Amino acid sequence: MSFTTIIQSSALKSLSELYGQSFSEKDFQINETKSEFEGDYTIVLFALVKTLKKSPEILGKELGEHLIKNYPDFFSAYNVIKGFLNLKITDSSLNRLLEENYQDENFGKPSHNDQKIMVEYSSPNTNKPLHLGHLRNNFLGWSVTEILKANGNEVIKTSIVNDRGIHICKSMIAWQMFAEGATPESTHEKGDHLVGDYYVKFNDEYKQQVNELVTSGKTKEEAEKEAPIMKKTQQMLLDWELAKPDVRELWSEMNRWVYKGFDETYKRIGSDFDHTFYESNTYLLGKDFVQEGLQKGILYKKEDGSVWIDLSDKNLDEKLVLRSDGTSVYITQDIGLAKQKFEEYHLDKSIYVIGDEQLHHMKVLKEIIRKLGMPFADKMYHLSYGMVELTSGKMKSREGTVVDADDLVNEMVATAEKHTTELGKVNDFTKEELKELYETLALGAMKFYLLRVDPKKRMIFNPEESIDFHGFTGPFVQYTYARIRSILRKVGEINDSGIKPGLSSDGLLPLERQLIIALEKYGNVISDASNEMNPSVIANYVFNLAKLFNSFYSEHSVSNAESDEKKQLRLCISVMTATVIKSSLQLLGIKVPERM
RNA sequence: GGCCCCGUAGCUCAGUGGAUAGAGCAACAGCCUUCUAAGCUGUGGGUCACACGUUCGAAUCGUGUCGGGGUCACCA
């Protein structure tokens, strides 16, 4: 039971004993006491004042007295200021919490198994390498998965790779025209970058051809349609659908290059999937329900043969689900894939980590599925996140302002190396150890930077700020962890009997209390983050915890504590803080270094 | 134009019904003979876009206005 739960239930019980009225948890709030007042937790009384017709002062005094009298083990003091009843928790409660949990690596995580959840994220196109936006997506998908797991759910990570369509044909055509057989091996370039380069070449060539046609008197629209390179690409797409061997072969080959490149990036940023769907396998899914929908009268056919659904009763337009030529559109396969996911995996929930520019699309998808009478519409959840923008505005591939994922990682690793070398604290590390440390710090900085803000909000990526290793950053938290590990190494081996927090006769000092109370909160933080599917809750929490520990560290000595009891107590606080930091960062996909 | 999201310190963000609105960065002033200074302590910095309303109480809820973004494809 968490402290807030204890306070809540004891207050409810006290109220009914005092006034013979029963209240629910919604009738009053419990907050942490603001630092300028005396106390740890605060019950806000105003709402009770009304129903009980008592002045806040009297009510607060009566409730405070009653709580202290009946729960002397838990509450040690109270005071009432205006409508706020401030309560102080006994040292013994705090000590007990510490004693019982300081070694528990699963502290704060419920042990029960709850739901089966699928998280789909990353979902790249195969014509371009991963960029900053994908990083936000990947970090978010990974972290939400970890958070849901920590909250007792079984989670399956998936990705749907958009491996077919006009975009990859563009890269293929440009490769045929310009590459002279170049491969990742022959050029020593990562496959995803190589294929991306030809996508760019396609666009350059296309633009040039259009311009030439325009100067020869065509309108822009005509020129865009008639540009030879575009015609070739469209023909290639048709050939692909007809499964022409030479086209399919090149397509497989180039996709293979891309996957190899993606795998390298995924491995480096610590992303992986339990199952990967490929659009080339799923793009025909969902056609079968069209017939069914037509029969049921949910879908209707227009004169040209195209099939539609009317969503106007849901304040949405009518939406096409099958083209007049009988081919399916994006949303058609989405319906099919959604169904396949639920049927194959028996999911309780299916989460889509997709940018907020697709909010409308996902709303339409869900509504169609509901109308078609599929039972899982309400189990689908679009975890939308805002676009990452640069200080100079949006990322535009055309203007070359896209921040490439691999470049960014490299840059961050170089920064980590520079800082580490300057500080010179790990000069005895081997080359391998150093390399690992740089990666840990670089990715810690990046992940923390992208996860510390509410996913729903769009965010500005400031290159200078993101490579900062001070303040509200991953390395700051990692540093706090390394610091604690250093204390523990110096103080000596920790064996189970070595640390036992004795009750210091001096009582707990303010920073000691604050730290234990902050640690106690961790379970609530995990469940909040899980309910909101919001990793920034964890990031903010762990930063505050680290900050608090650093204050404690500079104020009080662990190894040179005033007494042996104090030393044991502070060791326990340190051990538990390290554990919670490690655990929190792990929920963000961030590793901790023993030294840095 | 319809619908959706956002507007909090110079910048980037917390806070979503409670007390005198908080962090980090940037600026300034201190702190290494003691467990890692990637740290700690302090100072300055606010019309919570604006207006009206609901409430004992509003940055938080409602309505409207202004400003920014997204979306409304036989693209994916």
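From a predicted model like this one, the values you see are computed outputs, not experimental measurements. Quick note on labels: first sequence line is chain A, next is B, and so on, each numbered from 1.
Every side-chain hydrogen bond (donor to acceptor under 3.5 Å, both in side chains) that A:T480 has, sequence neighbours left out, goes to A:N550. Annotation: ring pair (Phe, Tyr, Trp, His ring centres under 6.0 Å) contacts of A:F46 (sequence neighbours excluded): A:F84. Partners of A:K128 by side chain to side chain contact (heavy atoms under 4.5 Å, CB included), not counting sequence neighbours, listed by chain and number: A:Y199. For A:T4, the side chain to side chain contact (heavy atoms under 4.5 Å, CB included) criterion is met by A:S2, A:I30, A:Y41, A:N524, not counting sequence neighbours. Applying the salt bridge (charged side-chain N to carboxylate O under 4.0 Å, His left out) criterion to A:K82, with sequence neighbours excluded, gives no partner residue. For A:T415, the side-chain hydrogen bond (donor to acceptor under 3.5 Å, both in side chains) criterion is met by no residue, not counting sequence neighbours. Residues passing the side-chain hydrogen bond (donor to acceptor under 3.5 Å, both in side chains) test with A:R370 are A:E367, A:D378, sequence neighbours excluded. Applying the side-chain hydrogen bond (donor to acceptor under 3.5 Å, both in side chains) criterion to A:E25, with sequence neighbours excluded, gives no partner residue.
You'll find a donor-acceptor pair under 3.5 Å spanning the side chain of A:N86 and the base of B:rA19, going by distance alone. Side-chain N/O atoms of A:T42 and base N/O atoms of B:rA19 include a donor-acceptor pair closer than 3.5 Å.
Within residues 312-325 of chain A, the residues having any heavy atom closer than 4.0 Å to RNA chain B are, in order of number, A:D317, A:L320, A:R323, A:S324.
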- Task: Show the numbers, then the answer: is there a salt bridge (Lys or Arg N to Asp or Glu O under 4.0 Å) between A:K341 and A:E120?
- Result: CA-CA 10 Å; A:K341 283 179 175 178; A:E120 179 197 290; 2.6 Å; yes
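The nearest whole Å value for the distance from the CZ atom in A:F84 to the C1' atom in B:rG17 is 11 Å. Nucleotide B:rC3 holds its P atom 21 Å from the NZ atom of A:K366, rounded to whole Å. Remark: P of B:rC35 and CD1 of A:I573 are 20 Å apart, rounded to the nearest angstrom. Distance CD (A:E555) to P (B:rC40): 12 Å, rounded to an integer number of Å. Whole-Å rounding puts the A:Y481 OH to B:rG39 P distance at 19 Å. If you measure from atom CD1 of A:I331 to atom P of B:rC74, you get 11 Å, rounded to the nearest angstrom. The nearest whole Å value for the distance from the CG atom in A:L311 to the C1' atom in B:rC72 is 13 Å. Distance CZ (A:F448) to P (B:rU12): 19 Å, rounded to an integer number of Å.
Using a 4.0 Å heavy-atom cutoff across all strands shown, A:M459 reaches sugar-phosphate atoms only and no base atom. In this structure, A:S536 reaches neither bases nor backbone, as no heavy-atom distance under 4.0 Å exists between it and the strands shown. Residue-level contact check: A:E422 touches neither bases nor backbone, having no heavy atom under 4.0 Å from any strand.
Comment: A:K220 engages A:E224 in a salt bridge, judged by a side-chain N to carboxylate O separation of less than 4.0 angstrom. Between A:K566 and A:E512, at least one side-chain N (NZ, or NE/NH1/NH2) sits under 4.0 Å from a carboxylate O, which counts as a salt bridge. Between A:E562 and A:R570, at least one side-chain nitrogen of the basic residue sits less than 4.0 Å from a carboxylate oxygen of the acidic one, meeting the salt-bridge criterion. A salt bridge links A:E32 to A:K521: one of the charged nitrogens lies within less than 4.0 Å of a carboxylate oxygen.
Ranked by how close their nearest RNA chain B nucleotide is to the 5' end, A:I81 and A:L441 are led by A:I81. Looking at which nucleotide of RNA chain B each of A:K82 and A:N462 is closest to, the 5′-most match is held by A:N462.
The same atom, C1', is picked in B:rG10 and in B:rG69; the two are 23 Å apart, to the nearest Å. When the C1' atom is used for both B:rG46 and B:rU20, the distance is 13 Å, rounded to whole Å. Annotation: B:rA21 and B:rA58 have their P atoms spaced 13 Å apart (nearest Å). For the P atom pair drawn from B:rC11 and B:rA49, the interatomic distance equals 13 Å after rounding to whole Å. Taking the C1' atoms as reference points, B:rC56 lies 22 Å from B:rC48, given to the whole Å. Distance noted for atom P between B:rA59 and B:rU16: 13 Å (whole Å). Using C1' as the reference atom, B:rU43 and B:rU36 are 28 Å apart when rounded to the nearest Å. The same atom, C1', is picked in B:rA27 and in B:rC61; the two are 38 Å apart, to the nearest Å.
Put simply, A:K363 has no side-chain N or O that comes within less than 4.0 Å of OP1 or OP2 on B:rU71. One finds no side-chain N or O of A:R485 lying less than 4.0 angstrom from the OP1 or OP2 phosphate oxygen of B:rC35.
Ring-centre distance between A:Y278 and A:W251: not below the 6.0 Å cut-off. In this structure, the ring of A:Y121 has its center no less than 6.0 angstrom from the ring center of A:Y385. Close placement of the A:F549 and A:F552 rings is indicated, their centers lying within 6.0 Å of each other.
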- Query: What would the secondary structure line of RNA chain B be in dot-bracket form, counting Watson-Crick and G-U wobble pairs under 3.5 Å, with [ ] for pairs that cross earlier ones and | for pairs with another strand?
  - Reply: ((((((((.[[[[.)..(...]]]].(((((.......))))).....[[[[[..)....]]]]])))))))....
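With distances taken from any side-chain atom of A:V453 to the nucleotides B:rC72, B:rA14, B:rG18, the minimum falls on B:rA14. Nearest nucleotide to the A:R458 side chain, out of B:rG68, B:rU36, B:rG39: B:rG68. Side-chain atoms of A:K457 lie closest to B:rC6 of the nucleotides B:rA19, B:rC6, B:rA76. Closest to the side chain of A:W308, from the set B:rC74, B:rG18, B:rU36, is B:rC74. When distances run from any side-chain atom of A:R164 to the nucleotides B:rU41, B:rC13, B:rA76, the shortest one goes to B:rA76. Residue A:I460 places its side chain closer to B:rU12 than to any other of B:rC3, B:rA76, B:rU12. Distance from the side chain of A:Y330 is smallest to B:rA76 among B:rA76, B:rA19, B:rC35. With B:rU71, B:rA37, B:rC40 as the candidates, the nucleotide lying closest to the side chain of A:S551 is B:rC40.
Between A:F461 and A:Y449, the ring-plane angle classifies as perpendicular under the 30° and 60° cut-offs.
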- Sugar-phosphate means primed atoms, P, OP1 and OP2; the rest is base. With that split, encode nucleotides 54-61 of chain B 5' to 3' as B, S or - using protein heavy atoms under 4.0 Å. --B-----
- Readout for nucleotides 22-34 of chain B: B = base within 4.0 Å of protein heavy atom, S = sugar-phosphate only, - = neither; 5' to 3' it is -SSS---------
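For B:rC48, the base adopts the anti conformation, since its glycosidic angle falls more than 90 degrees from zero.
Remark: ring of A:F476 not stacked against base of B:rG39; the cut-offs of centroid gap under 5.5 Å and plane tilt under 30° are not jointly satisfied.
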